[in-house]
Protein chains: 4
Amino acid sequence: MTAIKPLRADARRNRARILVAAEVVFVEKGPTASTDEVAERAGVAIGTVFRHFPTKKDLLQALVKDLMLRLTDEVTTLATEADPATALFDFFTRMVDQAAAKKTVVDLLAESGVDIHVAQPIQSLREAIGQLLTRAQHAGAVRTDVGLDEVLALLTSTSQGALHAGWDPTLQRRTLTILFDGLRPC
Amino acid sequence: MTAIKPLRADARRNRARILVAAEVVFVEKGPTASTDEVAERAGVAIGTVFRHFPTKKDLLQALVKDLMLRLTDEVTTLATEADPATALFDFFTRMVDQAAAKKTVVDLLAESGVDIHVAQPIQSLREAIGQLLTRAQHAGAVRTDVGLDEVLALLTSTSQGALHAGWDPTLQRRTLTILFDGLRPC
Amino acid sequence: MTAIKPLRADARRNRARILVAAEVVFVEKGPTASTDEVAERAGVAIGTVFRHFPTKKDLLQALVKDLMLRLTDEVTTLATEADPATALFDFFTRMVDQAAAKKTVVDLLAESGVDIHVAQPIQSLREAIGQLLTRAQHAGAVRTDVGLDEVLALLTSTSQGALHAGWDPTLQRRTLTILFDGLRPC
Amino acid sequence: MTAIKPLRADARRNRARILVAAEVVFVEKGPTASTDEVAERAGVAIGTVFRHFPTKKDLLQALVKDLMLRLTDEVTTLATEADPATALFDFFTRMVDQAAAKKTVVDLLAESGVDIHVAQPIQSLREAIGQLLTRAQHAGAVRTDVGLDEVLALLTSTSQGALHAGWDPTLQRRTLTILFDGLRPC
DNA sequence: CATGAATGAGGTTTCATTCAT
DNA sequence: AATGAATGAAACCTCATTCAT
């Protein structure tokens, strides 16, 4: 149980602005973009960035954690509210779309050799996606011999692939179609 | 048409050693590894690296070009000698295996924001893979409504995905199986 | 004549705690230790340190002043109550002992380029030691051609020397013995 | 046995210039002076300083080592050529004089928390001074119950003491006189 | 008065690239 | 052509000091 110290209003505001700025900057220039640039974009001084994230690594990790939490929320909603037969495919599609629009932080993480110490958020996401899969299988929309690991592997691969040049939306659909056909019972 | 100046024997030897060293180093540490380290590993002085490749970018591009040529050779052989029905899947599998073993240079390229000026080698590779695909389709092993672009997209995605932690060989096979099922006629 | 504003009870308490903390921290890490660390050790916020001591320099100076006052007290007691023939040597010995135990603030001062504006406390200490010397000379324990300046010079030198590695207590005694022999009449 | 790689002429020249500049700068401003300033004074770029001394610590240590070597030379000359009865006192006096003229690097070292890894040069110096002492004792100029450790302790103390404000040359002589009286047989 | 977040100059260090040897 | 020292911009990070809460 970690007692999280409540931050002062301005500090919390700055923390948020830094994370937003960091996402934008790193998405644009990759994880080698300078911390200075993040600070400038966030409209704070460089020292403020380092007060909140003592290391660049810490900043990247916080970014990942954040993204994971947002994703988990989204997936959980789908898992409880959407049509089981299509929810997994919908999520898959949405994720790849997002990845294509901006270099995901999952990617940043992979590229910058950050040691993953965000186990818990990742675990939550994994479980949420697991629900999607199970429900899709119960609904007969996905083969029962497909495991969560394969789904995740395909998801991350395709998301990252979508980042690279030359994937127009049409190509994405066609690629996903092939994948989905592989996942379907027949 | 560029007239290629014939290099002195020792110069050509050095060029080769640098490329080998660069591949090893960048595979190990990612594209942010220092050029110094490449030089040391190649057993030459840093100045020699820059004489052959005026820029780090140039070094990366040469690496990509090199890899493309090797891959094209391999694919061409498959396309003319192997069983049409399985050649595409074999190649696909082999490529993912290699990617899992070492960060491919395709990846390096993507990460370092290198402007792609290796059009020609890439084009050759593309065409060679196109042959594999066509022959597989003629042999009835692949759906005829699948295009070369989708195949390439899936190939690069999966290759890059294979780099990331947690893909044991078994997972790779299972993931590829799903993909291949998606590509097959039924 | 500076009218000293009476401080509120909590402010006075904080001031004292900061000084104690500063002595501990600077003794441990040298005068380059960060003011943050002093604040943390004192259990106050950084702003509180700067309210009491507008500058790091001020903090160092206050520390020196404090030490001088304590030393002067001690010497004055010796000068009025102890055996004249041994009081100087006793004091000398005690001071070197203390210096060996913890980096004196005199030393801190010297290292941090602080302009000496602690003239008055230093003057008092000087006079107190002067008394010790005079009385020792009257008692025939110290040569009469030795001046206060020399005594102070030897005192500070030896105190600082005692800080450096390799001065075990035995070596301190032997070194002081030589010094004292030099100070004695014959 | 460390094989010392012979440096290129310009590299050796730069190394020397950096050391000279460092001595000047650190003497003037203390060990907290910036490495940038050393570079500027040496007329080289900042990167050159760090090529020769990868860390500020390294630069300080090299400075110490250098000084030790020069001192050892000086002492050895005295030990073989000068009058045994006065050589020790001469050296002692000269060292204190130098210390008074410029903050010695021994002092810098002590202040900057540098781990001493200059054992060998220090040992040589120690031995050279030991010779001075032995010869002075044989010549009847120093008490035979005085050890090398005490002499060194007094030497470093007095040298450092001489750095601090208020030691005019006259005071130095008088202080040394007392010390020397303590060392002499009577 | 106390707090502690924000500031931003400045320090150390790295690294692609140039150039004298 | 090879060498490797020099360059210097830019990165990361620290810390004395200010100021809103």
Side-chain angles (χ1 to χ4, degrees), chain A residues 5 7-15 32-39 43-59, chain B residues 7-15 32-40 43-59, chain C residues 7-12 14-15 32-40 43-59, chain D residues 5 7-15 18 32-37 39 42-59:
Chain A
K5 173 131 43 100
L7 290 174
R8 238 167 58 180
D10 56 346
R12 203 167 50 241
R13 197 162 47 244
N14 274 341
R15 207 193 117 97
T32 56
S34 83
T35 309
D36 271 277
E37 199 171 342
V38 173
V44 301
I46 178 69
T48 304
V49 175
F50 279 92
R51 157 171 280 267
H52 287 284
F53 310 97
T55 284
K56 196 180 183 181
K57 215 183 228 183
D58 292 330
L59 177 55
Chain B
L7 293 173
R8 241 168 54 181
D10 56 346
R12 203 168 50 242
R13 198 161 46 243
N14 274 344
R15 207 193 115 96
T32 56
S34 81
T35 311
D36 267 281
E37 201 171 341
V38 173
E40 191 177 12
V44 302
I46 179 74
T48 304
V49 174
F50 277 88
R51 161 167 288 271
H52 286 284
F53 309 97
T55 284
K56 196 181 185 180
K57 212 181 238 184
D58 293 330
L59 176 54
Chain C
L7 293 173
R8 242 168 56 181
D10 58 345
R12 204 167 51 242
N14 274 343
R15 207 193 116 96
T32 56
S34 81
T35 311
D36 267 282
E37 201 171 340
V38 173
E40 190 178 11
V44 301
I46 180 73
T48 306
V49 174
F50 277 89
R51 161 164 289 270
H52 286 284
F53 309 97
T55 284
K56 194 180 186 180
K57 211 181 240 186
D58 292 329
L59 177 55
Chain D
K5 172 135 40 104
L7 292 173
R8 235 166 61 178
D10 55 347
R12 203 166 50 241
R13 196 161 50 243
N14 273 342
R15 207 194 117 97
I18 290 168
T32 56
S34 82
T35 310
D36 270 279
E37 200 170 343
V44 301
I46 179 68
T48 304
V49 175
F50 279 90
R51 157 169 281 267
H52 286 284
F53 310 97
T55 285
K56 195 179 186 181
K57 214 182 228 183
D58 292 330
L59 177 54

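Convention: sequence-line order gives letters A, B, ...; per-chain numbering from 1.
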Value in whole Å for how far the [atom2] atom of [N] lies from [atom1] of [X]:
X       : N      : atom1 : atom2 : result
B/Asn14 : F/dG4  : CG    : P     : 12 Å
D/Leu59 : E/dT12 : CG    : P     : 10 Å
D/Arg15 : F/dA6  : CZ    : P     : 12 Å
A/His52 : F/dC13 : NE2   : C1'   : 16 Å
B/Arg51 : F/dG4  : CZ    : P     : 15 Å
D/Glu37 : E/dT12 : CD    : P     : 11 Å

Original post:
OP1 or OP2 of F/dT3 less than 4.0 angstrom from a side-chain nitrogen or oxygen of B/Thr48, does that happen here?
Top reply: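 For B/Thr48, the contact criterion (side-chain N or O under 4.0 Å from OP1 or OP2 of F/dT3) is met.
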Subject >> From CG (D/Leu59) to NE2 (D/His52), nearest 0.5 Å >> reply: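 Nearest 0.5 Å value for the CG-NE2 distance: 11.0 Å.
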Subject >> Point-to-point distance, once rounded to the nearest 0.5 Å, from CD of C/Glu37 to CD1 of C/Ile46 >> reply: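 Spacing of CD (C/Glu37) from CD1 (C/Ile46) equals 11.0 Å.
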Original post:
B/Lys56 and B/Phe50: which non-hydrogen atoms are nearest, and at how many Å?
Top reply: N-CE2, 4.5 Å
Subject >> Annotated protein contacts, base or backbone, on nucleotides 15-21 of chain F with a non-hydrogen cut-off under 4.0 Å, one of B, S, - each >> reply: -SBB---
Original post:
Would you write out the dot-bracket form of DNA chain F, 5' to 3', with Watson-Crick and G-U pairs under 3.5 Å, [ ] for crossing pairs, | for pairs to other strands and . for unpaired bases?
Top reply: .||||||||||||||||||||
**OP:** Please answer whether the main-chain N or O of D/Thr55 pairs with a side-chain N or O of D/Asp58 as donor and acceptor at a distance below 3.5 Å.
**Re:** yes
Original post:
Side-chain contact, heavy-atom cut-off 4.5 Å: D/Asn14 with D/Val49?
Top reply: no
